[in-house]
Structure formats: structure tokens, C-alpha cells
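A quick write-up on the structure given underneath.
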Number of protein chains: 2
Amino acid sequence: MSATKLLVLGIVHLSGGAHGYQVRSELQSWGAESWAKIKPGSIYHALKKAAADGLLTEHAEPGNSGPERVLYRATARGRDEMVELVRDGLRRTHDADMLNASIAMLPMLTRTDAIAQVNERVARLEAELVEQAKWREHPNRDAPEHVRDQAELWAGHARTELEWAKSLSKRLSEGAYTMADDPGSWRTVPGHLKMRF
Amino acid sequence: MSATKLLVLGIVHLSGGAHGYQVRSELQSWGAESWAKIKPGSIYHALKKAAADGLLTEHAEPGNSGPERVLYRATARGRDEMVELVRDGLRRTHDADMLNASIAMLPMLTRTDAIAQVNERVARLEAELVEQAKWREHPNRDAPEHVRDQAELWAGHARTELEWAKSLSKRLSEGAYTMADDPGSWRTVPGHLKMRF
DNA sequence: GGCCAAGTAGTCAAGCTTGACTAGCCTCTA
DNA sequence: TAGAGGCTAGTCAAGCTTGACTACTTGGCC
């Protein structure tokens, strides 16, 4: 699960530099503990790891008020890696956490790129549904009955996701959201103004 | 994620004693690596942990042909704990892995119990959908636009799951599947015959 | 003025998961 | 008949996640 990594990198990028607790609070205000199941401990770990990997830089800040804290800033490599993670998360099926995280970080992509990735997802879901329908005609004798039944649920989820992805693609085409290449995006608006989109 | 624990305990119970590789193969034949994302390493770990916790017993078997191996058998406490895990997984929303694992182990429950748990899930999903609809009328200004959009996807999944759970409940009421209290269940059929339901 | 609750900021050990690796046996084939 | 490849069976270190814990500050209330 690199959803944690994606979200943590994303918040640091969007806010133009942040310390651990800030990342934690921001994710909390997005309701991310519930849909991404991220606990505080993981956030601090992910920040340190990303810094060790050269995706973020660490600046120790003496606590002006309150305890000492560490400021993290994005590096160019970090941004590239994160954009790649978002693209991957949009395409990859069977990974709800990554999808959720990627949606949250959608405006990191340019509009055309985002549309391309979402369309790729649509294509994959359609292919998997075809595959699954085939499987249902020739069920595996080894798998018990209720395991086959479970496949039914998965197919339902896939159809829901398919409709949703199609409508997202459409909305993006119609100009919804402020994407990376739009005026007023996180790339063109200075630091502390970014967090309130 | 205790889905691993549930599946591992479940296979050992259903087969009436198994060694690690057997559990691994059985899960593989169910396609469990894909829907439960379980890797071999986790299986061996889960078996050892369960044995340490008194949920399984360990019997070293000298390898008659091939390497040495360890036989695991279920204990009474292990069965109780597993039944509780299945019930919990059926009720708990927001945890796809547990739900999948619980469905796979559905016949561990008695029919009336299973129906009760599934109905509880239905009730919870309905409540959450109401909650979510309320939230959509008064969206949180702090959360960016696409995060709200993501909620849309979740609602879609919830509706799919709701329909599915209702139909499962109905099928169970109509006598589908061989449950724990039915003749021919895993509780009444001797050991090595159990794996082919 | 003093004390408690809540907020800020983060550490740490323990536990689970992952991916790569070991090692013996069996079967087929050149 | 030697070797490759695959199946059986499992180990292990490294990495990620979790939950509990520390410590300091601020604000409010009696």
C-alpha cells in the first residue's frame, strides 16, 4: 500500500512545505483516516522514508512556541514520483486505497493526462468484466459455491466503478476541477494560499 | 487486517488439519491471492501466531517424501474465535478484505446466525447512506471538490453492496448453501472429505 | 492563582506483510 | 543419464503499520 506515501507527498507538495503534524491534521480534515485508513504513526514514518529517499528535504525548526518540529519540503524528484503514483493509482484496479488517494491528488495531473489515465481505467474494468463473465459460464469446480457468489459482488463493484469512471472522464473533459495546467492551480499559486483550493 | 488470520484458521478447520503449504495451495485455488492479497509469507506467519495463541496446535511431521513439514490442527478456542471473526467481517462495513474472507468462510455459521449478521450489515449500510446523503447537502468547506466527488464513488459502492447483501440474505433464507447446522456440513462430514464442498 | 482539558508534535516497540531466497525431490528429455 | 525445470515446503531480513506513550503549551473556569 503506497497510498500513504502518495497522500503524504501530496500534502507536502500542495502546501509548499509542511511538518508532520500539519500533514496529519490536513489528512484528518479530509476524512482520510476513514477512507485511507492512515494512522499518525504511518505518516511520520512515510515522511522520514521519503526524506531518506530524496523525495523530500528535512529542515529542523526550533519550536518558536510548542515542541521542536521538522519542516519537509518537496524536491523535483519527489514531484515526479508523486505524479507517477497518481497516474498509476488511477489506472490500477483492485486497489481501492490507491484509487482514493489518487482522486484526492487528482489536480496534480494535467487535464489531458488525467483523462487518459481514467480512460485507461475504464478500458481495464471493461476487459475484466468480460473476463469475469466468461469465468462465470465455466466456473472452477475447485472453488466452493459461495466463492463464486463473491465474484458476483466484485462484478457489481466493478460496474459501479465503471459508471463512475466514465462520468469522471466526462466531467474532466467538460473542464471540471482546477488541474495542474489550469490558471490558479497549485503550480501557479504561491505557497500558503494553496491549501484552500 | 485480520482477513489473513480468518482464512488461515478457516482452511485448517475445514480440512480438519493441514500444513502450511496445503493452506497456501488451497487459498491459491480459490483465487485468494487476488481478492485477499495474501502472500505465502503471511500464511506461515499467521499459522505460527495462531499456534502461539492457542488457536491451533502444531505437530512436527518428519517428511515421508519431500522436506519436513508441520501439521496444524484446530482447537476449540480457535473455532470460537474464527466464528466470531466471520460474524464480525459480515457486519463490518469499510473493510472489503474481511468481507471477502467472511464470505469464503460463510458455511462456518449456522443459517440463522448468518442471516442475522448479513441483515445487520444491510442496516448499517442503509444508515451510512443516509448519513452520507446528509453530508452531501452540507458539504465540508475544508475538503476540496474532488474529495467530495470521491464520496460519490463510495456511495455507489455502498448501494451495490446493499443490493448484494439483501439478495444474499434472501438466498440464505431460501436454503442456499450448506451451513454449519445443515446435514452434510463441515461439522458432520469427516476430515479429508471436507475440502470439496 | 491554580488546575484540568484540549491541542500540538512526535517517538517507540511490537507486530504484520512482503519479496527474495533455500533446499530436497520428481519428471521429462536430449 | 545428466541436467533443467517445476513442485513441495518453508525461512528470513527488511520494511510498513499500529497503538500506546511522552512532553510541552494554551485556554478556560472556579
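Chain A is the first sequence line, chain B the second, and so forth, proteins listed ahead of strands; every chain is numbered from 1. Computed from heavy atoms alone, side chains included, the values below leave out hydrogens, waters and symmetry copies.
As rounded to whole Å, 11 Å separates atom C1' of dG7(C) from atom CD of Q28(A). Atom OH of Y44(B) is separated from atom P of dG15(C) by 23 Å (rounded to the nearest Å). When rounded to the nearest whole Å, the span between CD of E33(B) and P of dT17(C) equals 16 Å. Spacing between atom NZ of K5(B) and atom P of dG15(C) amounts to 13 Å, rounded to whole angstrom units. Rounded to whole Å, the distance from CZ on R69(B) to C1' on dT11(D) is 18 Å. dT17(C) atom P lies 13 Å from atom CG of L27(B), rounded to whole Å. Between the CG atom of L71(B) and the C1' atom of dA9(D) there is a distance of 13 Å, rounded to whole Å. We find that CD of Q22(A) is positioned 11 Å from P of dT8(C), with the value rounded to whole Å.
OP1 or OP2 of dC16(C) has at least one side-chain nitrogen or oxygen of K49(B) nearer than 4.0 Å. For the OP1/OP2 pair of dT8(D) and a distance below 4.0 Å, the side-chain nitrogens and oxygens of Y21(B) include at least one atom meeting the criterion.
Each side-chain hydrogen bond (donor to acceptor under 3.5 Å, both in side chains) pair with one or both residues in residues 47-56 of chain A, not counting sequence neighbours, appears once here: K49(A)-D53(A).
H19(B) approaches L71(B) most closely through the heavy-atom pair N-CD2, 4.0 Å. For the pair R121(A) and L90(A), the tightest heavy-atom approach, listed with the atom from each and the gap, is NH1-O, 2.7 Å.
The main-chain N or O of A96(B) is found under 3.5 Å from a side-chain atom of N100(B) such that the two form a donor-acceptor pair. The backbone N or O of L172(B) lies less than 3.5 Å from a partner atom in the side chain of R111(B), making a donor-acceptor pair.
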Sort me out a list of protein N/O and nucleotides 18-21 of chain D N/O pairs below 3.5 Å, or just none if empty.
| residue | atom | partner | partner atom | Å |
| --- | --- | --- | --- | --- |
| dT18(D) | OP2 | K37(A) | O | 3.4 |

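For the pair L99(B) and E161(B), the minimum side-chain heavy-atom distance is below 4.5 Å.
The listed nucleotides are dC16(D), dA9(C), dA9(D); the one nearest the side chain of H19(B) is dA9(D). Among dA9(D), dT17(C), dT11(C), the nucleotide with an atom closest to any side-chain atom of T4(B) is dT17(C).
If you find the closest nucleotide of DNA chain D to K48(B) and to S25(B), the one lying nearer the 5' end belongs to S25(B).
The side-chain contact (heavy atoms from CB on, under 4.5 Å) search around R171(B) returns D149(A), S167(B), L168(B), A176(B), Y177(B), not counting sequence neighbours.
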